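I have placed the structure first, in the form of structure tokens, so that the comments after it can refer back to it.
Values in this document were obtained by computation on a predicted structure and should not be read as measured data. Computation of the quantities below employed the complete heavy-atom set of this structure, encompassing side-chain atoms and omitting hydrogens, waters and symmetry-equivalent molecules. Just so you know, residue 1 is the first one in the sequence shown, and it goes up from there.
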Amino acid sequence: VTRVRGVKMPHLRSGSRDRTVVGARQLALYLCRDLTNLSAPALASLFGVGSHATVLSAEKKIGAELRVNANLRKERDEVLALLEDLRRPS
């Protein structure tokens with residue numbers, strides 16, 4: 001997400017309410033919920049967000065937005081492709 005959105009990791013974990021940072025954080029939280037077995041409280045702790053409700057809100061918002069926003073789907077696919085590249089043996 002940091003590569004695709006151009007937001008540095010410390011900003012994702014900050015309490016920043018800048019629109020760019022919030023959108024990147026929400027996408028990262030959504031993908032973490034989708035790709036890992038981590039609970040919402042665990043992700044809230046890792047990302048330094050207020051509570052598990054923030055994680056659940058991001059999951060719901062991004063899930064709904066993916067259904068109607070082609071640009072967001074493209075960004076998600078780019079992140080997934082980057083993650084897949086990291087999994088491939090060198």
Side-chain angles (χ1 to χ4, degrees):
V1 173
T2 57
R3 286 185 190 173
V4 171
R5 286 282 181 105
V7 175
K8 296 187 185 297
M9 182 63 78
H11 292 125
L12 286 184
R13 298 187 65 194
S14 74
S16 174
R17 293 184 184 206
D18 176 83
R19 176 178 276 183
T20 303
V21 174
V22 169
R25 184 185 306 121
Q26 288 175 334
L27 180 57
L29 287 167
Y30 173 86
L31 289 170
C32 285
R33 284 286 285 168
D34 190 45
L35 299 173
T36 72
N37 292 323
L38 294 174
S39 67
L43 286 172
S45 178
L46 284 171
F47 277 81
V49 296
S51 73
H52 72 286
T54 303
V55 177
L56 298 176
S57 175
E59 185 178 18
K60 182 178 178 180
K61 180 176 180 177
I62 295 297
E65 189 68 21
L66 283 169
R67 289 192 273 286
V68 297
N69 186 328
N71 288 330
L72 184 59
R73 286 193 301 271
K74 182 179 178 234
E75 286 180 337
R76 179 208 50 203
D77 293 345
E78 287 176 34
V79 172
L80 293 174
L82 287 168
L83 290 171
E84 191 60 37
D85 287 346
L86 291 173
R87 292 182 58 192
R88 287 194 190 109
S90 300

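With Val21 as the partner, the side-chain contact (heavy atoms from CB on, under 4.5 Å) test is satisfied by one option alone out of Lys8, Arg5, His11: His11.
Note on Val4: it clusters hydrophobically with Ile62, by side-chain heavy-atom contacts below 4.5 Å among ILVMFWY residues. With hydrophobic clusters built from ILVMFWY side chains whose heavy atoms lie under 4.5 angstrom apart, Leu27 shares a cluster with Leu35. Side-chain heavy atoms closer than 4.5 Å link hydrophobic residues (I, L, V, M, F, W, Y) into clusters, and following such links, even through other members, never connects Val68 to Tyr30.
Of the possible donor and acceptor atoms, none in the side chain of Arg13 sits under 3.5 Å from a partner among the backbone N and O of Met9. A side-chain donor-acceptor contact under 3.5 Å links Thr36 to the backbone of Cys32. Side-chain atoms of Arg25 come within 3.5 Å of backbone N or O of Ser16 as a donor-acceptor pair.
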Run the side-chain contact (heavy atoms from CB on, under 4.5 Å) test on Asp18 and Val22 for me, step by step, so that the C-alpha distance in whole Å, both residues' side-chain angles and the decisive distance to 0.1 Å come before the verdict. CA-CA 6 Å; Asp18 176 83; Val22 169; 5.9 Å; no

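Distance CG/Leu29 to OG1/Thr54: 8.5 Å, rounded to 0.5 Å. From Leu80, atom CG reaches atom CG of Asp34 across 7.5 Å, with rounding to the nearest 0.5 Å. Between the CG atom in Leu72 and the CD atom in Gln26 there is a gap of 10.0 Å [rounded to 0.5 Å]. One finds the CZ atom of Arg33 at 7.0 Å from the OG atom of Ser39 (value rounded to the nearest 0.5 Å). Atom CD of Glu59 is separated from atom CG of Leu43 by 9.0 Å, given to the nearest 0.5 angstrom. To the nearest 0.5 Å, atom CG of residue Leu66 and atom CZ of residue Arg76 are 5.0 Å apart.
Salt bridge Lys74/Asp77: absent, no basic N to carboxylate O contact under 4.0 Å. Ion pairing between a basic and an acidic side chain is recognised when a charged N comes within 4.0 Å of a carboxylate O; Lys61 and Glu65 show no such pairing.
Minimum heavy-atom separation, Val1 to Ala24: CG1-O, 3.4 Å. The shortest heavy-atom contact between Leu56 and Ala40 is CD2-CB, 3.9 Å.
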